[in-house]
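So you know, we letter chains A, B, ... as the sequences are listed, proteins then strands, and number each from 1.
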There are 2 protein chains.
Amino acid sequence: MPIKADLDAIDWKILRELQDDGRMTNVELSRRVGISAPPCLRRVKRLEDEGIIQRYRALLNAPALGMDVVAFCLVGLNRQSEVDLKAFADRTRNWPIVRSAWMVSGESDFMLHCLAPDLGTFQTFVIEELTSSPNVDTVRTALTIRQVKDEGLVGI
Amino acid sequence: MPIKADLDAIDWKILRELQDDGRMTNVELSRRVGISAPPCLRRVKRLEDEGIIQRYRALLNAPALGMDVVAFCLVGLNRQSEVDLKAFADRTRNWPIVRSAWMVSGESDFMLHCLAPDLGTFQTFVIEELTSSPNVDTVRTALTIRQVKDEGLVGI
DNA sequence: AGGTCTTGCGCAAGAATCTTGCGCATCCTT
DNA sequence: AAGGATGCGCAAGATTCTTGCGCAAGACCT
């Protein structure tokens, strides 16, 4: 597991550029960060090898793909033993509507980021799957109206 | 703005592959989806041009970059007029700790996805910036313990 | 100081990939 | 059955990737 990486200014520029356009050619990237292509590629490889860059992902347009409902669910369990937490975490992985999930501390135990084609599908999921799932105590949902900010990890 | 796209099986395969590895070469992608490189590239270009693929992003390792705290904030406002909502949305864009934000309906008005180097920084942000921001009524936070699922938009 | 070691850049060349035009097959329409 | 539209694969030139190598700048030790 990585010690806090020591990155110089060029590394940070690379991370910023690849967050902004993960498919940029290495030639273009090298031009933007001010070094030639070979050392630039070596830096990118190093960042990948050290796990600082975890992966590259295409971000898709949900409504264009027929996914009109984005929502968050805050789930509270009755029991929070390690076994219970793991059991629920495993269950989230088998629900396609749940796209991302976090174990959290606070008033709830899990935060679910959900995506559904329509409101009916989402409500059916919440009522028939989530609420009626073993050990689930409370479910609070927040339907998103629109996303107002979407940045990568590293600041502007 | 796009009508629901009509995509065939190969297009869906392309979307799945590029979600999984957005930097895959077109040759490798074409091999995986079962067509030759030129038509594959034309399909990808079309998906990009129609806005179905919005962008490509490198996903970074937050702890390795010194960001140890991931949290969600549910923010409720006193007044929810269009002007008030827009004012708060604008403010989220100027807070570097807030990486993504959604306007939501339900018990709260905004969901914030936050990232901070340590707990102190995050608490200072919540108390001195967020809670004391004009028109902010309630703030509920959920610190994440760990992420248990992380998928792209399109199902497995 | 001087020598050595390490680090990281840029050049260059072969391999791989991208990109475009083009011909052809298939399917749908008339 | 003819015509048109769609979308594939081939081929070739342009671009990019990738590797080895030489060199310069700084660190470190004696």
* Indicate, with a heavy-atom threshold strictly under 4.0 Å, whether A/T25 touches base, sugar-phosphate, or nothing. =>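 Touches sugar-phosphate only.
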As a test of reading the structure: which of [options] is closest to the side chain of [X], going by heavy atoms?
{"X": "B/L41", "options": "D/dC21, D/dC17, C/dC18", "value": "C/dC18"}
{"X": "A/R43", "options": "C/dC18, C/dG8, D/dC17", "value": "C/dG8"}
{"X": "B/P38", "options": "C/dC18, D/dC21, D/dC10", "value": "D/dC10"}
{"X": "B/P39", "options": "D/dG9, C/dG10, C/dT19", "value": "D/dG9"}

Whole-Å gap separating [atom2] ([N]) and [atom1] ([X]):
{"X": "A/R23", "N": "C/dT17", "atom1": "CZ", "atom2": "P", "answer": "13 Å"}
{"X": "A/N26", "N": "C/dC9", "atom1": "CG", "atom2": "P", "answer": "12 Å"}
{"X": "A/D11", "N": "C/dC9", "atom1": "CG", "atom2": "P", "answer": "9 Å"}
{"X": "B/R42", "N": "D/dC8", "atom1": "CZ", "atom2": "P", "answer": "7 Å"}
{"X": "B/E28", "N": "C/dT17", "atom1": "CD", "atom2": "C1'", "answer": "12 Å"}
{"X": "A/E48", "N": "D/dC17", "atom1": "CD", "atom2": "P", "answer": "12 Å"}
{"X": "B/I35", "N": "D/dG7", "atom1": "CD1", "atom2": "P", "answer": "11 Å"}
{"X": "B/M24", "N": "D/dT16", "atom1": "CE", "atom2": "C1'", "answer": "18 Å"}

* How many angstroms lie between CG in B/D49 and NZ in B/K45, if you round to the nearest 0.5 Å? ->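 Rounded to the nearest 0.5 Å, the CG-NZ separation comes out at 8.0 Å.
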* Asked: Heavy atoms, side chains only, cut-off 4.5 Å: are A/S100 and B/Q147 in contact?
  ->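 The answer is yes; the side chains approach within 4.5 Å.
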* Asked: Charged N to carboxylate O under 4.0 angstrom, B/D150 versus A/R57?
  ->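 Here B/D150 pairs with A/R57 in a salt bridge, since their nearest N and O are under 4.0 Å apart.
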* Asked: So, for B/F125 and B/W95, is the gap between ring centers shorter than 6.0 Å?
  ->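 Centroid distance B/F125-B/W95: below 6.0 Å, so yes.
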* Is the shortest side-chain N/O distance from B/K45 to OP1 or OP2 of C/dC18 below 4.0 Å? ->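 For C/dC18, OP1/OP2 do not have a side-chain N/O of B/K45 under 4.0 Å.
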* To do: Establish, with yes or no, whether the OP1 or OP2 oxygen of C/dG8 is under 4.0 angstrom from a side-chain nitrogen or oxygen of A/R46.
  =>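 For C/dG8, OP1/OP2 do not have a side-chain N/O of A/R46 under 4.0 Å.
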* **Pair A/Q19-B/Y56, side-chain hydrogen bond (donor to acceptor under 3.5 Å, both in side chains): steps then yes or no** => CA-CA 8 Å; A/Q19 275 194 128; B/Y56 300 90; over 6 Å; no
